[in-house]
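Structure record follows, encoded as structure tokens.
All chains are named by letter (A, B, ...) in the order of the sequence lines, taking the proteins before the strands, and each is independently numbered beginning at 1.
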Amino acid sequence: MNHWLIKSEPASYSWDDLVRDGGTEWDGVRNPTARINLRAMAVGDLAFFYRSVTEPAVVGIVRVSRTAQPDPRDDKWVSVRVEPVRPLAPVTLKTIKADPALAAMELLRQSRLSVAPVRPEEWTHLKGLAEAG
DNA sequence: GCCAACGTTGGC
DNA sequence: GCCAACGTTGGC
């Protein structure tokens with residue numbers, strides 16, 4: 001199983017919106033690198049839900065419930081379906097940046113990438129931080 | 001194909 | 001609000 005991180009601005013779609021909806025189409029991604037990552041997702045893959053812009057932090061875990069399909073509004077692009085698994089105690093960007101075990105995360109390396117892979121050891125470590133806090 | 005201008009993302 | 005990073009567009 002692969003692990004990922006997906007970003008959303010709370011003003012456009014928040015963790016609470018996802019919980020309310022019970023799942024959503026993760027569409028609107030318009031970046032070629034992010035598209036490669038969406039296409040690589042399998043059903044059952046887990047992703048951190050990252051809140052950008054306003055108090056940037058990882059705030060939850062989601063599960064991929066359908067693989068990539070063309071966006072009906074623009075079939076050059078794709079979307080997957082995700083559903084909430086559980087909220088996490090927020091792990092802030094500040095904490096992530098300060099942690100040597102997370103220094104290689106794609107989140108930090110390419111800060112504008114909205115769909116990024118997470119290495120297994122990074123996944124375990126970051127999830128551990130949320131559970132410790 | 002190069003590159004300057006421009007637009008968007010996202011941290012601060 | 002500012003600005004760095006970086007992707008896209010368009011003139012040449």
Show each protein N/O and nucleotides 5-9 of chain B N/O combination with a separation under 3.5 Å, one pair to a line.
residue, atom, partner, partner atom, Å
B:dT8, O2, A:Arg112, NH2, 3.1

Side-chain atoms of residues 18-26 of chain A: list all donor-acceptor pairs with protein atoms under 3.5 Å, sequence neighbours left out, distances to 0.1 Å.
residue, atom, partner, partner atom, Å
A:Arg20, NH1, A:Asp17, OD1, 3.1
A:Asp21, OD2, A:Tyr13, OH, 2.5
A:Glu25, OE1, A:Arg66, NH1, 3.1
A:Glu25, OE2, A:Arg66, NH1, 3.2
A:Glu25, OE2, A:Arg66, NH2, 2.8
A:Glu25, OE2, A:Ser79, OG, 2.7

For residues 88-99 of chain A, dump all side-chain donor-acceptor pairs below 3.5 Å to protein atoms at least two apart in sequence or in another chain.
residue, atom, partner, partner atom, Å
A:Thr92, OG1, A:Thr95, N, 3.1
A:Thr92, OG1, A:Thr95, OG1, 3.0
A:Asp99, OD1, A:Ala101, N, 2.9
A:Asp99, OD1, A:His125, NE2, 3.4
A:Asp99, OD2, A:His125, NE2, 2.6

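In this structure the side chain of A:Val118 reaches within 4.5 angstrom of the side chain of A:Met105, judged on heavy atoms. Contact annotation: the side chain of A:Ile61 approaches that of A:Lys127 to within less than 4.5 Å [non-hydrogen atoms, C-beta and beyond]. Counting only heavy atoms from C-beta outward, the side chains of A:Glu106 and A:Leu5 never approach each other to under 4.5 Å.
At distances below 3.5 Å, at least one donor-acceptor pair connects side-chain atoms of A:Arg51 with backbone N or O atoms of A:Glu55.
In this structure, A:Ile6 atom CD1 and B:dG10 atom C1' are separated by 17 Å, rounded to whole Å. A:Leu5 has its CG atom 14 Å from the C1' atom of B:dG10, to the nearest Å. Rounded to an integer number of Å, the gap from A:Gln110 CD to B:dG10 C1' is 13 Å.
Contact annotation for A:Lys94: no contact, since no heavy-atom pair falls under 4.0 Å across all strands.
A search for ring-ring contact (aromatic ring centres under 6.0 Å, His included) contacts involving A:Trp4 returns nothing, not counting sequence neighbours. Scored by the ring-ring contact (aromatic ring centres under 6.0 Å, His included) test, A:Trp77 finds no partners at all (sequence neighbours excluded).
Within a heavy-atom distance below 4.0 Å of DNA chain C, the residues of residues 24-36 of chain A found are A:Asn31, A:Pro32.
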